[in-house]
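Reviewing the structure listed below.
All figures in this text were calculated on a predicted structure; none of them were measured in a lab.
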Amino acid sequence: MRKYFLGASVLSYMCLLSSCQIDELGKEKLGTHSTHLVLNLGNAEYTVLELLEDLDQESLDVDDSDQSMSILFRDSTIYDDTESLIAISSVSNVEEFAPAEDVPSTPIDYKINIEETFVFSFPANNGEEIDSLFYSSGTLDFFMESSFKGDIDYTWVIEGTRIVETNEDLTQTQELVFAGGAVTDTYSRPLNGLKSKFYKNALDENEFAVHVTGTISFEEGTEILPSHKMTFNLAFNDPTFSKIYGYFGNDPIELQSQSIGISAFEEFSGDGLKFEDPKILLITNNSFGMDFELSFDEIKAVSSDNSVVIFSENTSPGIDGFVSSPSEEGEVKSDTVELNKQNSNINELLNSTPIKIDFDISGVPNPISSTRDNNFLLSESQIEVISVIEIPLQFQMDGFAVDFDFEMNLSDIKQAEKIIFNIVATNEIPFTGSIDLEFVDKGGDVLYTMTDAAIIESPELDASGKTATPEVSTSEINLDAEAIDALLNANTIFAIANLTTFESSKDRYVKLYADYKLNIELSIEGELTIDLDE
């Protein structure tokens with residue numbers, strides 16, 4: 001961090017502070033003048049937000065009630081792949097009606113009654129149980145072919161497959177005339193607007209019944225062979241669903257695979273940054289009609305040097321990763337799973353000053369802890385997983401440095417017998433530290449360095465952990481001849497504040513508040529000789 005201050009004319013300050021009158025010095029030649037000069041070089045005031053400006057300001061959260069601060073990194077993913085939970089594809093069933101009659105020639109007009117119930121299957125791709133579903137697309141195709149040499153008057157009913165609008169089973173009646181060849185019947189309609197209800201057999205497979213009733217009429221003298229039959233083919237082609245009910249098993253799904261960048265921490269990687277109570281919150285908004293259990297396949301912190309810290313769960317108390325589900329369609333159920341220092345090594349991850357956190361998290365449907373015995377999915381069902389890295393600014397830090405600089409114009413000074421730097425630090429932040437000074441010329445070269453030129457003292461903390469009153473630290477630095485020479489040839493002064501949190505050596509954590517300030521004032525005084533002709 002760097003603060004800039006406007007340059008100061010030594011002559012103008014000297015005239016003001018020594019009460020000289022230009023008119024009294026002569027109008028033709030002013031010559032030189034010796035004086036005791038006090039020159040205020042400026043001041044810098046830092047708020048806590050400015051001290052942390054290397055962090056993305058959008059990640060800093062301030063509690064308006066008490067000005068306490070947290071760092072928040074947030075990202076979210078949406079899981080809406082319903083087909084990985086339950087998927088259906090085209091289903092086709094074929095059955096036959098074959099009474100196996102053998103009549104070489106009917107002596108009179110003759111009829112065969114049809115009264116059959118066929119059991120058809122409707123499997124899901126991975127064997128999940130389906131109670132019922134509402135279709136959104138696809139076609140229902142029915143085809144019948146008869147090799148009997150007679151007219152057919154029949155009705156078929158698909159039990160449980162209903163028109164949504166009327167809630168009546170899908171039914172079709174046809175009168176088909178034998179014209180010397182095979183008798184056929186074709187029916188096709190969109191699945192949209194239909195729903196199907198299934199029942200389970202002993203193996204929990206999804207089944208439904210098709211009832212066929214009617215008659216086959218033969219004229220006198222017609223041959224009926226044992227090989228004659230009616231073949232029924234019922235297909236649900238390319239079905240998709242708008243909602244589906246059943247029980248969809250326990251196959252894990254990948255809920256989240258992402259990285260959250262926190263590259264601003266790279267700025268503090270050498271500063272001994274250590275947080276007291278960081279945590280990761282996984283907030284789930286679930287509109288699937290099924291409970292889940294989060295499974296942490298891999299969470300890792302990656303630092304700028306590519307070193308990795310892997311997340312691990314403590315055996316006790318462990319993490320409650322349960323994600324509950326809504327009981328009604330269209331509702332959303334929200335839960336928060338917290339990863340903290342009690343149930344995991346999350347402190348180790350976030351205190352490694354990573355530049356990103358990688359998440360690979362699965363969800364196990366219908367976990368043992370779930371009390372649900374049925375599920376539902378809508379085509380728009382989803383789980384939103386919001387990952388929040390929450391770091392309250394209660395921490396330790398050792399060696400954090402901020403600097404400010406200012407330009408000045410000391411070209412009027414020809415010589416100086418004595419120069420004293422005065423530094424006053426008024427500090428509300430629970431930091432201690434020191435200030436280094438660097439005198440730099442116009443070319444950017446450092447002419448002189450003063451290490452630990454001044455101190456910054458921390459205020460005491462009250463019982464609540466807040467600073468009671470600001471701490472004022474005053475330092476006077478007598479410049480030696482080398483330092484004075486460097487100063488007179490310098491264009492810029494850098495002041496570097498090296499800060500450490502209060503009592504960090506005692507493993508104490510301090511809490512930052514947004515309204516804390518650090519003010520640093522610089523001034524010089526001394527016996528100077530000024531060339532007033534320049």
Pairs meeting criterion salt bridge (charged side-chain N to carboxylate O under 4.0 Å, His left out) with involvement of residues 284-308, two or more places apart:
Glu298-Lys300

Regarding Asn40 and Ser523, is there a side-chain donor-to-acceptor distance under 3.5 Å anywhere?
no

Residue pairs passing the side chain to side chain donor-acceptor pair (under 3.5 Å) test with at least one member in residues 248-257, sequence neighbours excluded, are Gln256-Gln258, Gln256-Ser387, Ser257-Asp360

Close side-chain approach of Val164 to Tyr135, heavy-atom, < 4.5 Å
no

Does a donor on one side chain sit under 3.5 Å from an acceptor on the other, for Thr500 and Thr432?
no

Residue set satisfying side-chain hydrogen bond (donor to acceptor under 3.5 Å, both in side chains) with Arg372, at least two apart, ordered chain then number -> Ser325

Do the non-hydrogen side-chain atoms of Ile389 and Leu72 ever get within less than 4.5 Å of each other?
no

If every non-hydrogen atom of Asn427 is compared with every non-hydrogen atom of Ser458, which pair is closest and at what distance?
ND2-CA, 3.9 Å

Looking at Phe376, I'd like to know if the NZ or CZ of Lys243 sits under 6.0 Å from its six-membered ring centre while staying within 45 degrees of the ring's axis.
no

The side-chain contact (heavy atoms from CB on, under 4.5 Å) partners of Asn478 (sequence neighbours excluded) come to Lys418, Ile420

Ile368 CD1: over 12 foreign heavy atoms closer than 6.0 Å
no

Would you say Phe198 and Asp131 make side-chain contact, with heavy atoms under 4.5 Å?
no

In chain order, what residues pass the side-chain contact (heavy atoms from CB on, under 4.5 Å) check against Lys341, with sequence neighbours excluded?
Glu276, Asp277, Asn347

List in chain and number order the residues that pass side-chain contact (heavy atoms from CB on, under 4.5 Å) with Ser327, two or more places apart in sequence or in another chain; answer none if no residue qualifies.
Glu331

With no hydrogens and no angle check, do the side chains of Asn192 and Ser137 hold a donor and an acceptor under 3.5 Å apart?
no

Partners passing side-chain hydrogen bond (donor to acceptor under 3.5 Å, both in side chains) against Glu438 (at least two apart in sequence or in another chain):
none

Can you find a heavy atom in the side chain of Leu281 that is under 4.5 Å from one in the side chain of Val337?
no

With salt bridge (charged side-chain N to carboxylate O under 4.0 Å, His left out) as the rule and sequence neighbours excluded, what pairs involving residues 508-524 come up?
Glu503-Arg508

What verdict does the ring pair (Phe, Tyr, Trp, His ring centres under 6.0 Å) test give for Phe122 and Phe236, after you've listed the backbone C-alpha separation in whole Å, the side-chain angles of each residue and the deciding distance to 0.1 Å?
CA-CA 9 Å; Phe122 194 102; Phe236 295 79; 5.2 Å; yes

Regarding Ser324 and Asn286, do their side chains bring together a donor and an acceptor under 3.5 Å, going by distance alone?
no

Given side chains that start at C-beta, do those of Ile88 and Pro239 come closer than 4.5 Å, heavy atoms only?
yes

Considering residues at least two apart in sequence or located in another chain, which fulfil the side-chain hydrogen bond (donor to acceptor under 3.5 Å, both in side chains) criterion with Gln67?
none

Heavy-atom side-chain proximity of Ile299 to Ile357 below 4.5 angstrom
yes

Taken in chain and number order and not counting sequence neighbours, the residues that satisfy salt bridge (Lys or Arg N to Asp or Glu O under 4.0 Å) with Asp64 are none

Any chance you could lay out the side-chain hydrogen bond (donor to acceptor under 3.5 Å, both in side chains) test for Asp441 and Asn489, step after step, and finish with the verdict?
CA-CA 6 Å; Asp441 65 15; Asn489 289 282; over 6 Å; no

What pairs with Asn314 under side-chain contact (heavy atoms from CB on, under 4.5 Å), at least two apart in sequence or on another chain?
none

Identify, with sequence neighbours excluded, every residue that meets side-chain hydrogen bond (donor to acceptor under 3.5 Å, both in side chains) alongside Glu525.
His36, Asn422

On the 0 to 90° scale, with breaks at 30° and 60°, tag the Tyr448-Phe439 ring pair as parallel, tilted or perpendicular.
parallel

